[in-house]
2 protein chains.
Amino acid sequence: MGKKVLVIEDDQELGAQIVKRLCDAGYEPTWWKEGRRLSRETLPDVDLVVLDLMLPGTYGMDILKDLRVFSEVPVLVLSARNDTADKVRALRLGADDYMTKPFWPEELVERVRARLRRPTLGRGDVVEVGALRIDRGRREVSVRGERVELTRLEFEFLAALAERPGEAMTRSSLAERVLDPERDGTERTLDVHVSRLRKKLGRGAFVETVWGIGYRLGDGRDE
Amino acid sequence: MGKKVLVIEDDQELGAQIVKRLCDAGYEPTWWKEGRRLSRETLPDVDLVVLDLMLPGTYGMDILKDLRVFSEVPVLVLSARNDTADKVRALRLGADDYMTKPFWPEELVERVRARLRRPTLGRGDVVEVGALRIDRGRREVSVRGERVELTRLEFEFLAALAERPGEAMTRSSLAERVLDPERDGTERTLDVHVSRLRKKLGRGAFVETVWGIGYRLGDGRDE
DNA sequence: CCGAAATCTTACGAATTCCTTACGCGCCGG
DNA sequence: CCGGCGCGTAAGGAATTCGTAAGATTTCGG
């Protein structure tokens, strides 16, 4: 069963070339001839993405950024720009490799193979909001790269908010979702957890209060 | 805390440059100024290897070949030869990346980072997490190169965790998978096995507890 | 500027969860 | 039959987390 590879490349010739080589190597490529903004819904179920940064319309770097919000799929970036700043940017944004055009397709295939023989960390979806990073799989949270230890409820609460970053959630729905119905917890209880959570996350209150409604996950920057 | 990186590079200037940058980035580099044949014993406990292919004496490609016999550690290859055939060869031999000189150290650091943010579960049946090595095929476990004898259940438990290094698994799913339904074992039983396992693996608790959830396989270094 | 309502913070006791040790049972090889 | 070994159970104790109360603080409407 070949692994699935999504190729996002507008150049007809290069794209066809890549797709063919990948097929020959036993993979199952899908070819998108134009860039689209990605979301959890529009991203097909693939094992790796080959992404050309120079696409008409959408800027590839934005696609990458979008992608990393909800997916940890390995990304191999292609670009005509042989510029260290660009490479660094792409890698920082979560790319796994960066190839400069022109290149020989053999090398691309080998690099794809090199990525795929490593485990991908079964998409333990990671949410990043500003300097805050929430890893649902590992149940880990870090702020500015530093680990923050959270209790179970604190994590659940944060994870609930992180599902829709920026959107407000009512106290009642949060309580319903986070608090165990058995262990009777009032809504007052939430306040306490929020308080403790904020203290742990440090200043730059990521958990913002929406007065009279509930809470919201902010990027801890503006305000 | 910082991941360990072995730099094998004979060029004084370039080597110093790389080492410095890696330090700045929070890694702990070790610098070998000459190539040596590697064996299970001589390879220090590192998380990644930066290997220059053009070394006096030993041919870098051989070092890589040796290495892959007994270790799945990620390898980033450096070379002055910008030749597709060479790249393909190195990648086929198990290299994870190939950079052509000259390059800017920033890019190297980013590529190192890109490799290390992925889990290192090797292909095949060998998993390496930090100083811990789990060989599913041979049912062998070693810490820092030293064999550790585990009972069947202890091994099963560890292997289950090792399937997703770093991810938290619930106690119930672990119990379900590891414990024999016949020999009814309560979830308390898990505690005991974990306890015994930890004692055998020594300090640097590889098996981390995720309070209220279950356990997780850590690299036994941070904290 | 005032009061009421909503929210924040802190401290503390209780409950949960987890760790460890000790012990007994059953299986196997000698 | 004996001893070693793997495994499950029980129990005490340690560590962590959770809920509540109560007082402080903030927000909003007027």
Side-chain angles (χ1 to χ4, degrees), chain A residues 139-141 147-161 168-218 223, chain B residues 139 141 147-161 168-218 220 223:
Chain A
R139 295 198 144 249
E140 263 181 17
V141 171
R147 270 287 288 283
V148 177
E149 298 291 343
L150 297 185
T151 72
R152 191 174 58 83
L153 279 196
E154 285 159 6
F155 183 89
E156 296 290 353
F157 181 85
L158 192 59
L161 283 184
M169 297 188 67
T170 66
R171 304 167 65 82
S172 58
S173 69
L174 281 168
E176 188 181 351
R177 161 158 178 181
V178 172
L179 299 181
D180 189 344
E182 315 275 330
R183 304 164 112 282
D184 41 24
T186 87
E187 269 196 22
R188 248 359 60 234
T189 308
L190 261 192
D191 298 346
V192 181
H193 288 294
V194 171
S195 174
R196 297 202 261 239
L197 185 53
R198 281 177 174 151
K199 190 192 262 183
K200 286 188 181 177
L201 294 183
R203 71 172 153 291
F206 298 95
V207 180
E208 299 170 359
T209 302
V210 184
W211 219 86
I213 303 293
Y215 299 94
R216 166 176 53 190
L217 188 59
E223 121 188 42
Chain B
R139 300 205 134 239
V141 171
R147 266 296 285 286
V148 176
E149 297 293 341
L150 297 184
T151 72
R152 188 180 60 83
L153 278 196
E154 285 159 5
F155 184 86
E156 293 291 350
F157 181 84
L158 194 58
L161 282 184
M169 298 189 67
T170 65
R171 303 168 66 83
S172 58
S173 70
L174 282 168
E176 189 181 348
R177 160 156 179 182
V178 172
L179 299 181
D180 189 345
E182 314 278 329
R183 307 166 114 282
D184 41 24
T186 90
E187 271 196 22
R188 275 311 103 226
T189 308
L190 262 192
D191 298 347
V192 181
H193 288 294
V194 170
S195 176
R196 299 202 258 242
L197 184 54
R198 289 208 253 234
K199 193 189 265 181
K200 285 188 182 178
L201 294 183
R203 72 169 154 291
F206 297 97
V207 180
E208 299 171 358
T209 122
V210 183
W211 226 90
I213 301 295
Y215 297 93
R216 165 174 53 189
L217 189 59
E223 117 188 46

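In this text, all values refer to a predicted model and were calculated from it rather than measured experimentally. A, B, ... follow the sequence lines: proteins, then strands. Residue 1 opens every chain.
Taking 4.5 Å as the limit, every side-chain heavy atom of Leu153(A) sits out of range of all side-chain heavy atoms of Thr189(A).
Counting only heavy atoms from C-beta on, Leu153(A) has its side chain closest to dC18(D) among dC18(D), dT20(C), dC8(C). Comparing dG19(D), dC18(C), dT7(C) against the side chain of Thr189(A) picks out dG19(D) as the nearest. In the set dT10(C), dC7(D), dC19(C), dC19(C) carries the atom at the smallest distance from any side-chain atom of Arg198(B).
Distance Arg196(A) CZ to dT16(D) C1': 11 Å, rounded to the nearest Å. One atom, NE2 of His193(B), and another, P of dA10(D), lie 14 Å apart when rounded to the nearest Å. The nearest whole Å value for the distance from the NZ atom in Lys199(B) to the C1' atom in dC18(C) is 16 Å. Distance Trp211(B) CH2 to dA15(D) P: 13 Å, rounded to the nearest Å. When the P atom of dC7(D) is taken as reference, atom CG of Leu179(B) falls 10 Å away, rounded to whole Å. If you take CD of Glu208(B) and C1' of dT16(D), they are 16 Å apart, rounded to a whole angstrom. With rounding to whole Å, Phe157(B) atom CZ is found 14 Å from dC7(D) atom P. Note: CG (Leu174(B)) to P (dT17(C)) measures 17 Å, nearest angstrom.
Regarding contacts with the backbone of dC8(C), a side-chain N or O of Tyr215(A) is found under 4.0 angstrom from either OP1 or OP2. Contact between the side-chain N/O atoms of Thr209(A) and the OP1/OP2 oxygens of dC8(C) is found at a separation under 4.0 Å. The side chain of Arg152(B) places no N or O atom within less than 4.0 Å of a non-bridging phosphate oxygen (OP1 or OP2) of dC5(D). One finds no side-chain N or O of Ser195(B) lying less than 4.0 angstrom from the OP1 or OP2 phosphate oxygen of dC19(C).
In this structure, Lys200(A) contributes its side chain and Val148(A) its backbone to no donor-acceptor pair below 3.5 Å.
To the nearest 0.5 Å, atom CE of residue Met169(A) and atom CD1 of residue Ile213(A) are 12.5 Å apart.
Heavy atoms of Phe155(A) sit nowhere under 4.0 angstrom from any nucleic acid atom.
Between Val192(B) and Thr151(A), the residue anchored closer to the 5' end of DNA chain D is Val192(B), taking for each the nucleotide with the nearest heavy atom.
For the residue pair Thr209(A)/Arg198(A), the side-chain donor-acceptor check at 3.5 Å is satisfied.
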* Would you sort out whether Phe155(B) and Arg139(B) count as a side-chain contact (heavy atoms from CB on, under 4.5 Å), showing the intermediate values? => CA-CA 7 Å; Phe155(B) 184 86; Arg139(B) 300 205 134 239; 3.5 Å; yes

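In this model, no side-chain donor or acceptor of Arg188(A) finds a partner on the base of dG23(D) within 3.5 Å.
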